[in-house]
Undergrad: 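My structure is below; once you've seen it, I'll send some questions.
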There are 2 protein chains.
Amino acid sequence: MSTAPTTETSLDASCCPPAEQPGISLEDAQQRAAVFKALADPNRLRLLSIVKAGESGEACVCDMTEPLDLGQPTVSHHLKILVEAGLLNREKRGTWAYYSLVPGALDRVTGLLASL
Amino acid sequence: MSTAPTTETSLDASCCPPAEQPGISLEDAQQRAAVFKALADPNRLRLLSIVKAGESGEACVCDMTEPLDLGQPTVSHHLKILVEAGLLNREKRGTWAYYSLVPGALDRVTGLLASL
DNA sequence: CAGCTATATCGATCGATGTCAATCCGTCGG
DNA sequence: CCGACGGATTGACATCGATCGATATAGCTG
């Protein structure tokens, strides 16, 4: 609206519940969005699926390049994103790198949705 | 690996379960990723949050531009994406457009995660 | 040690996406 | 009928992100 002060730089840190912004905060939203960004790619979803279906719940990079039909650097890049999002664990054994689901990570994502 | 036939153009449509690809299919992954793409933006998450917290579970555009500090066209654009993702309903009453959560939509997203 | 293999990192390219300004459409009030 | 207002659409622009080729690093093996 025209009457709304566009520069509302929180002049009120004193008495009453200030402004009562509806919904979640911007910071909160940014953190949650970061997780969904990691999930917002078909190949990353397939990576998660492959890891989840793997032998002992883990899989190495070489097992994932072929089914996805992607180059090895690309797969490595996607896996890094999933690790940084807190969804996958990375464990290096010898020459190979094994990735596994972080326990409870997907349930935590569910919580992000439910608490909107 | 080096011994894998890189051009595996499905020569087997006859007898046995062919190739047994691990994880979900590419098509399935693309559909799921489309939903997560809609969720992968902080402002869209805030929109969902505002709608959910609204009076009778709905909110109109003019109620959302200010808390998000975004232009009206941008908000309209984000809302359209959420509607196309099947997360929001749009109902126009007179001059105003009211948006509401599609019942069970978030639970369906949870299902997308659980069935990976 | 030399060479090979499995991954990770870097740099570049190109399409996807968030944002805004300008404009258009529909509805309401005079 | 016309001006004002809510909202959607369009076009432009800047940034982000997925992908690849080339290269670097680390561990195994002869």
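Values in this document were obtained by computation on a predicted structure and should not be read as measured data. Heavy atoms only: backbone and side chains are in, while hydrogens, waters and symmetry mates are out. Protein chains get the first letters and strands the later ones, always in sequence-line order, with residue 1 at the start of each.
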Undergrad: From the list C:dG26, D:dG7, D:dG27, which nucleotide is the closest neighbour of the side chain of B:Val61?
TA: D:dG7

Undergrad: Name the residue closer to the 5' end of DNA chain D, choosing between A:Ala40 and A:Lys92 according to the nucleotide with the nearest heavy atom.
TA: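 Its nearest nucleotide lies further toward 5', so the answer is A:Ala40.
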
Undergrad: At under 4.0 Å between heavy atoms, what does A:Tyr99 touch on the DNA or RNA strands: base, sugar-phosphate, or nothing?
TA: sugar-phosphate

Undergrad: Whole angstroms only, please: what is the CG-P distance between A:Leu70 and D:dG21?
TA: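 Distance, rounded to whole Å: 12 Å.
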
Undergrad: For the residue pair A:Leu48 and A:Arg44, establish whether any side-chain heavy-atom pair is separated by less than 4.5 Å.
TA: no

Undergrad: Should B:Thr74 be listed as having a side-chain N or O under 4.0 Å from OP1 or OP2 of C:dC20?
TA: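 Checking C:dC20 against B:Thr74, a side-chain N or O does come within under 4.0 Å of OP1 or OP2.
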
Undergrad: NA contact type, A:Arg93, heavy-atom cut-off 4.0 Å: base, sugar-phosphate, or nothing?
TA: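 If one applies the 4.0 Å heavy-atom cut-off, A:Arg93 turns out to touch nothing in the nucleic acid.
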
Undergrad: In terms of the nearest nucleotide of DNA chain D, which residue is placed more toward the 5' end: A:Pro73 or A:His77?
TA: A:His77

Undergrad: So, taking the atom named CG in B:Asn43 and the one named CG in A:Leu26, what distance separates them when rounded to the nearest 0.5 Å?
TA: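 If we round to the nearest 0.5 Å, B:Asn43:CG and A:Leu26:CG are 6.5 Å apart.
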
Undergrad: Are side-chain N/O atoms of B:Arg32 and A:Ser49 paired as donor and acceptor at under 3.5 Å?
TA: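 No - no donor-acceptor pair under 3.5 Å links their side chains.
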
Undergrad: Looking for any heavy atom pair under 4.0 Å, which part of the strands does A:Arg44 touch: base, sugar-phosphate only, or nothing?
TA: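 Sugar-phosphate: the residue A:Arg44, judged by heavy atoms under 4.0 Å, touches backbone atoms but no base.
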
Undergrad: For B:Asp63 and D:dC5, what is the distance between atoms CG and P respectively, to the nearest whole Å?
TA: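 Taking CG of B:Asp63 and P of D:dC5, I get 17 Å after rounding.
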
Undergrad: Using whole Å, report how far CD of A:Gln72 lies from P of D:dT23.
TA: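 For the pair A:Gln72 CD and D:dT23 P, the rounded distance is 15 Å.
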
Undergrad: If you measure from CG on A:Asp63 to CG on A:Leu47, what distance do you get to the nearest 0.5 Å?
TA: 11.5 Å

Undergrad: Classify the nucleic acid contact of B:His78 as base, sugar-phosphate or nothing, counting any heavy atom under 4.0 Å across all strands shown.
TA: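 Contact class for B:His78: sugar-phosphate only.
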
Undergrad: Atom CG of B:Leu68 to atom P of D:dG7: distance rounded to whole Å?
TA: 14 Å

Undergrad: Please pick, from D:dG7, D:dT9, C:dA6, the nucleotide with the shortest atom-to-atom distance to any side-chain atom of A:Trp96.
TA: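 Given the options D:dG7, D:dT9, C:dA6, the side chain of A:Trp96 is closest to C:dA6.
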
Undergrad: To the side chain of A:Ser76, which of C:dT9, D:dT9, D:dA18 is closest?
TA: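 Looking only at side-chain atoms, A:Ser76 lies closest to C:dT9.
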
Undergrad: Does B:Leu101 reach the side chain of B:Leu88, with side-chain heavy atoms less than 4.5 Å apart?
TA: yes

